[in-house]
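Only a predicted model underlies this, so the values are computations on that prediction, with no experimental measurement involved.
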Amino acid sequence: MRAYYYDNLPGDQRAPHQCDPLRPVSGETLEKLNVKFWRIELDGYEDKLNAVAKERGYKNRDLINVTKEGLGELYEQKIKGFFEEHMHEDEEIRYILSGSGYFDVRESPSDEWIRIGVDPGDLLVIPAGIYHRFTLDENNAIKALRLFQDEPKWIPYNRNAETEVNPHRLEYLKVVGVSA
């Protein structure tokens, strides 16, 4: 896993956007934000992934293939939508099967972006209520298993005044020790 502070400079969202000098982010910092991460090698991943899914109560899963071929005419619209700052009322769980990309999460209370690079074998859990976004990297392809605690759903709530008082957002801030 690669995690570092995003440089906030204009340019292609798919570029690494590393600060100069690099400002790495530790696993401990991600843990404080309630972001979970596992490395599960692809060879024989099913048993290990199933164990994590059982432990965390993930009952459903599906496959997402984010490529021009996989999304067809919806590709550009989806890529732009994924990169809009948003939150969910459920955890966002992704196990990367192929390709690569970036999840950006907002650090609280600093409101800085932390960029997390994901590659095949990475399992990432983005907690409910955290502001985040996703983009492909310059390879323009990622295939991932999406895991869900209940029925598969992916409802983004773009950041605005209403999301600031959303119960899931307020609970997230409480869990990470930040006052709303």
Undergrad: Out of curiosity, Phe37 CZ to Leu30 CG, how far, rounded to the nearest 0.5 Å?
TA: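 Answer rounded to 0.5 Å: 9.0 Å.
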Undergrad: With a 3.5 Å cut-off and no angle check, do the side chains of Tyr5 and Glu107 form a donor-acceptor pair?
TA: yes
Undergrad: Any donor-acceptor pair under 3.5 Å linking the side-chain atoms of Glu164 with those of Tyr131?
TA: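 Side-chain D/A pair, Tyr131 to Glu164: present.
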Undergrad: Are Lys48 and Glu46 close enough for a salt bridge, meaning some N to O gap below 4.0 Å?
TA: no
Undergrad: What's the shortest heavy-atom distance between Pro120 and Gly99, and which atoms?
TA: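 Pro120 and Gly99 have their closest heavy atoms at CD-O, 3.1 Å.
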Undergrad: When you group the ILVMFWY residues by side-chain heavy-atom contacts below 4.5 Å and let the links chain together, are Tyr45 and Ile96 in the same group?
TA: no
Undergrad: Would the distance check show the side chain of Tyr95 and the main-chain N or O of Ile40 forming a donor-acceptor pair, the cut-off being under 3.5 Å?
TA: yes
Undergrad: Check whether Tyr6 forms a cation-pi arrangement with Arg133 (NZ or CZ under 6.0 Å from the six-membered ring centre, at most 45° off the ring normal).
TA: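 Checked: cation-pi criterion met.
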Undergrad: Okay, side chain of Arg106, backbone of Asp111: is any donor-acceptor separation there less than 3.5 Å?
TA: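 Yes.
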Undergrad: Have a look at Ile79 and tell me which of Asn140, Leu136, Leu74 forms a side-chain contact (heavy atoms from CB on, under 4.5 Å) with it.
TA: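 Option passing the side-chain contact (heavy atoms from CB on, under 4.5 Å) with Ile79: Leu136.
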Undergrad: Identify whether Met1 and Val25 are in the same connected component of the hydrophobic contact network (ILVMFWY, side-chain heavy atoms under 4.5 Å).
TA: yes
Undergrad: Without swapping roles, check the side chain of Thr163 against the backbone of Asn166 for a donor-acceptor pair under 3.5 Å.
TA: no
Undergrad: Closer than 3.5 angstrom, by distance alone: can the side chain of Asn65 be matched with the main-chain N or O of Lys143 as a donor-acceptor pair?
TA: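 Not confirmed, Asn65 side chain does not pair with Lys143 backbone.
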Undergrad: Assess, by modelled atom type and distance only, whether the side chains of Lys36 and Asn34 contain a donor and an acceptor separated by less than 3.5 Å.
TA: yes
Undergrad: Angle class for the His88/His132 ring planes (parallel below 30°, perpendicular above 60°, tilted otherwise)?
TA: tilted
Undergrad: Any carboxylate oxygen within less than 4.0 angstrom of a Lys/Arg side-chain nitrogen, looking at Glu89 and Arg169?
TA: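 So Glu89 does not pair with Arg169 through a salt bridge.
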Undergrad: Could you tell me how the ring of Tyr102 sits relative to the ring of Tyr4: parallel (under 30°), tilted (30 to 60°) or perpendicular (over 60°)?
TA: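 The arrangement is perpendicular - the two ring planes meet at more than 60°.
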